[in-house]
Amino acid sequence: MSVSRTACDGRGFVTHLLPAAKARRMFLQLRAEVEDALANALTTLDLPAEDLGIEEPPEDVDAVLASSVAFRLAGEVGTAPPNVAGDIADAIDADDLTYVSDVTTQGPYVNFLPSEAYFAETLQSVTEDGFGRLPDRDTSVVVEHTSANPTGPVHVGRARNPIIGDAVARVLDYAGYDVDRHYYVNDAGRQIAVFTWAYETFDEADLPEPERESPEYEMVRYYRKGNTVLEDGDPDEVEDVEAEIQSILQGLEDGDEETYERVAEVVDTVLGGMQTTLGRLPAEFDEFVKETRFMRNGDTDDLVDRLKELDCAVYEEDAWQLDLSDFEKNLVFLRSDGTSLYTTRDLAHHEWKFENYDRAVTVLGEDHKLQADQLDAALGLLGNDTDQLRQVFYSWVNLPEGGMSTREGTGIDLDDLLDEAIDRAREEVESRLDDRTRGDLDADDIDRIARQVGIGAVRYDIVSKQPTKGITFEWDRALDFEAQSAPYVQYVHARCCGILGDVEADIPEEPALGPLSEPEERDLLRELARFPAVIEAAADDLTPHTVATYTRDLAETFNAFYRECPVLDADDETRAARLALVDGTRTTIANALDALGVEAPTSM
RNA sequence: GGGCGUGUGGCCUAGUGGACCAGGGCGAGGGGUUCCUAACCCCUAGAACGCGGGUUCGAAUCCCGCCACGCCCGCCA
């Protein structure tokens with residue numbers, strides 16, 4: 001992690017380093033060059049150049065980029081695709097290109113082969129600490145994620161949110177955005193009123209022992225007991241309780257300071273505990289934005305007034321609502337008792353985001369999809385540019401026997417999962433101690449590795465999958481340390497560190513490409529060169545899992561190099577060049593894992 | 001009932017129009033360390049890409065229908 005921290009510190013000077021920063025992104029440079037050359041060739045041939053058909057060829061092809069455009073133009077030209085491909089290749093003079101050495105055809109495909117300059121500049125750029133970071137875009141983006149109701153311990157069912165959200169924020173940061181992470185705190189909902197009443201009512205002596213000595217575990221006992229009373233209590237009692245809950249909600253709505261203080265005590269206490277758990281992932285936030293903020297400052301009232309003015313605003317059954325044509329269901333924004341709803345406040349919240357940021361991303365469970373779409377539509381009607389707002393949806397993690405619920409106390413606590421992960425990782429480390437050939441580990445090392453590997457495995461397991469796919473939680477699957485997991489990738493980083501450990505001083509400042517002619521060396525360079533483009537695509541599409549896929553591919557490519565190419569025992573020139581390659585792999589793995597929020601151990 | 005999402009070897013997963021007659025992993029079987037960490041590598045077996053139509057020179061990928069699973073359709077959040 002230290003590597004990327006250094007890179008982070010250097011960001012402020014990015015504008016002064018433009019030439020160097022430019023050279024860091026060889027693949028993107030090459031792609032731009034290819035796009036340009038291809039478009040010119042097509043224009044010269046009097047062919048349409050809208051769709052260039054540029055793609056990455058399969059592994060057994062030497063080209064770095066290719067075009068399948070000849071397929072589509074064949075009909076227009078009136079000849080077979082391979083002939084069209086030949087004409088296109090002939091129309092491009094590779095001598096005019098820097099990073100392309102040759103343009104060839106293979107059947108209908110036009111292939112672009114990388115030049116020595118491409119490899120040489122890649123080798124140079126990968127050893128720079130900030131490799132993979134794109135230039136500052138001068139664009140701020142707020143990533144809102146997690147935003148779980150502060151009612152109790154964070155459980156695994158919702159653990160996907162902080163892990164995906166934090167990775168999205170990190171990837172955007174790498175891609176050059178100015179990122180803030182927000183947790184939107186629901187401190188005005190009914191369940192918080194229930195919680196506040198329960199906390200003020202029950203005696204701790206009547207509650208079960210907490211599962212952990214931590215605020216949210218102690219507090220959730222009141223919440224669960226409160227819900228039990230509401231469900232099973234005798235009707236008269238429940239009626240009184242409902243009146244109390246109503247008065248708390250009304251107090252918040254009226255901006256009553258005392259009510260706010262009562263609720264805040266509960267919310268802040270629980271949230272503090274949840275923050276500690278989330279911090280273990282780690283998922284940290286720049287700001288916790290409370291829902292009541294937009295009630296207390298008048299924004300929600302102003303918003304309601306503006307909503308009433310909209311053409312689609314209707315007053316039906318004593319409640320104000322929006323009749324949104326694209327939705328079956330009306331969006332109620334003011335209850336018949338005059339109070340606002342969650343979505344009403346969220347509208348005010350989002351307008352506040354738009355005022356303070358250029359873009360906004362929200363990570364939400366799939367159960368919020370309709371609500372998010374209605375929010376989007378309403379924001380548009382209020383005159384906001386909703387193109388700035390994007391959501392990442394994920395589906396819940398369920399147990400084989402069903403869903404997880406804080407209220408019912410069903411589910412696996414995230415703390416338990418992380419503890420178990422660390423315990424199992426520790427067993428793995430200890431079981432391997434006897435076989436080690438390098439670097440004895442002391443107790444602190446074992447602690448560190450167990451934590452990095454255990455938590456890394458949990459994070460990676462979640463962040464490496466497409467969020468929309470459902471996950472059924474199983475211990476052994478979540479805590480698999482073998483191939484295609486975080487430890488597999490982390491191990492490559494540790495290997496690089498192992499090789500470089502005693503010879504750091506021998507890594508050349510300006511490495512020579514000449515000695516690197518083995519296919520495994522060239523494959524590794526090609527793979528390393530892709531990293532900035534991977535970051536760019538992951539940020540554009542908000543798909544951090546593609547970065548995880550990349551780390552696996554890179555680890556595999558390095559392992560092939562490791563098998564075939566001895567580093568420390570090679571002749572001086574080869575050794576120096578390979579050290580640079582190992583150094584570049586170390587940096588790239590560290591940065592790619594950092595973009596995912598997974599630590600990169602220096603030894604394992 | 002309507003909307004959204006998912007469906008890839010026994011299990012998990014990548015790929016969402018082109019060189020892929022599908023790439024990994026787990027599990028199964030076999031092999032590899034006098035040599036920079038074997039949390040590794042290599043080999044073998046295993047797939048009608050949910051089913052049926054269609055569009056296209058070309059479909060796991062796009063369109064239509066169907067099936068299965070998940071989520072949503074509250075003056076809850």
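Chain naming here is simple, since letters A, B, ... match the order of the sequence lines and numbering starts at 1 in each.
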Check: Using a cut-off of 4.0 Å on non-hydrogen atoms, how would the nucleic acid contact of R563(A) be classed: base, sugar-phosphate, or nothing?
Finding: sugar-phosphate
Could you go through nucleotides 6-9 of chain B and list every protein N or O atom that sits under 3.5 Å from one of its N or O atoms, giving the distance for each pair?
from: G7(B); atom 1: OP1; to: K469(A); atom 2: NZ; distance (Å): 3.0

Margin query: In whole Å, measure the gap between the C1' atoms of A19(B) and A38(B) for me.
Written below: 36 Å
Next item on the list: Indicate the atoms forming the closest heavy-atom contact of T406(A) with P153(A), along with that distance.
Entry: OG1-O, 4.3 Å
Check: Taking for each residue the nucleotide of RNA chain B with the nearest heavy atom, is it E556(A) or P487(A) whose nucleotide lies nearer the 5' end?
Finding: E556(A)
Notebook entry, point to check: Hey, is CD on E317(A) packed in by over 12 heavy atoms from elsewhere, all under 6.0 Å?
Noted result: no
Next item on the list: Might you point out which heavy atoms bring S147(A) and Y184(A) nearest each other, and give the distance in Å?
Entry: OG-N, 3.0 Å
Notebook entry, point to check: Looking across every strand, which nucleic acid part, if any, lies under 4.0 Å from R345(A) by heavy atom: base, sugar-phosphate, or nothing?
Noted result: sugar-phosphate
Next item on the list: Identify whether the distance between the nearest side-chain nitrogen and carboxylate oxygen of E428(A) and R424(A) falls below 4.0 Å.
Entry: no
Margin query: Under 4.0 Å, counting only non-hydrogen atoms across every strand here, what does A66(A) touch: a base, just sugar-phosphate, or nothing?
Written below: base
Next item on the list: Answer yes or no: does atom CG of D502(A) have more than 12 heavy-atom neighbours from other residues, nucleotides or ligands under 6.0 Å?
Entry: no
Next item on the list: Sticking with atom P, work out how far G50(B) lies from U8(B), rounded to a whole angstrom.
Entry: 6 Å
Note to self: Over all strands shown, is G107(A) touching base, sugar-phosphate only, or nothing at heavy-atom distances under 4.0 angstrom?
What the structure shows: nothing
Notebook entry, point to check: What nucleotide among G15(B), A19(B), A39(B) has an atom nearest to a side-chain atom of T546(A)?
Noted result: G15(B)
Notebook entry, point to check: Taking all atoms of both residues into account, what is the closest heavy-atom pair of Q490(A) and G456(A), and its distance?
Noted result: NE2-CA, 4.3 Å
Margin query: Regarding D102(A) and T104(A), do their side chains bring together a donor and an acceptor under 3.5 Å, going by distance alone?
Written below: no
Check: Whom does U6(B) pair with, Watson-Crick or G-U wobble, provided both distances fall under 3.5 Å?
Finding: A68(B)
Margin query: Distance check needed: G27(B) C1' versus D480(A) CG, whole Å only.
Written below: 11 Å
Next item on the list: Scan A494(A) against the nucleic acid and name what it touches under 4.0 Å (heavy atoms): base, sugar-phosphate only, or nothing.
Entry: base
Between the protein and nucleotides 44-47 of chain B, which nitrogen or oxygen pairs are less than 3.5 angstrom apart?
none

Margin query: If I compare all heavy atoms of L596(A) with all of P544(A), which pair ends up nearest, and what's the gap?
Written below: CD2-O, 3.5 Å
Atom pairs under 3.5 Å, N or O on each side, protein against nucleotides 33-35 of chain B: can you list them with distances?
none

Check: Which part of the nucleic acid, if any, lies within reach of F333(A) when heavy atoms closer than 4.0 Å are counted: base, sugar-phosphate only, or nothing?
Finding: nothing
Notebook entry, point to check: Checking all strands, does V332(A) fall into the base, sugar-phosphate, or nothing category for heavy-atom contacts under 4.0 angstrom?
Noted result: sugar-phosphate
Checklist line | Check: Q484(A) side chain, G24(B) base, donor-acceptor under 3.5 Å | finding: yes
Notebook entry, point to check: Looking just at side-chain N and O atoms, do N559(A) and Y488(A) make a donor-acceptor pair shorter than 3.5 Å?
Noted result: yes
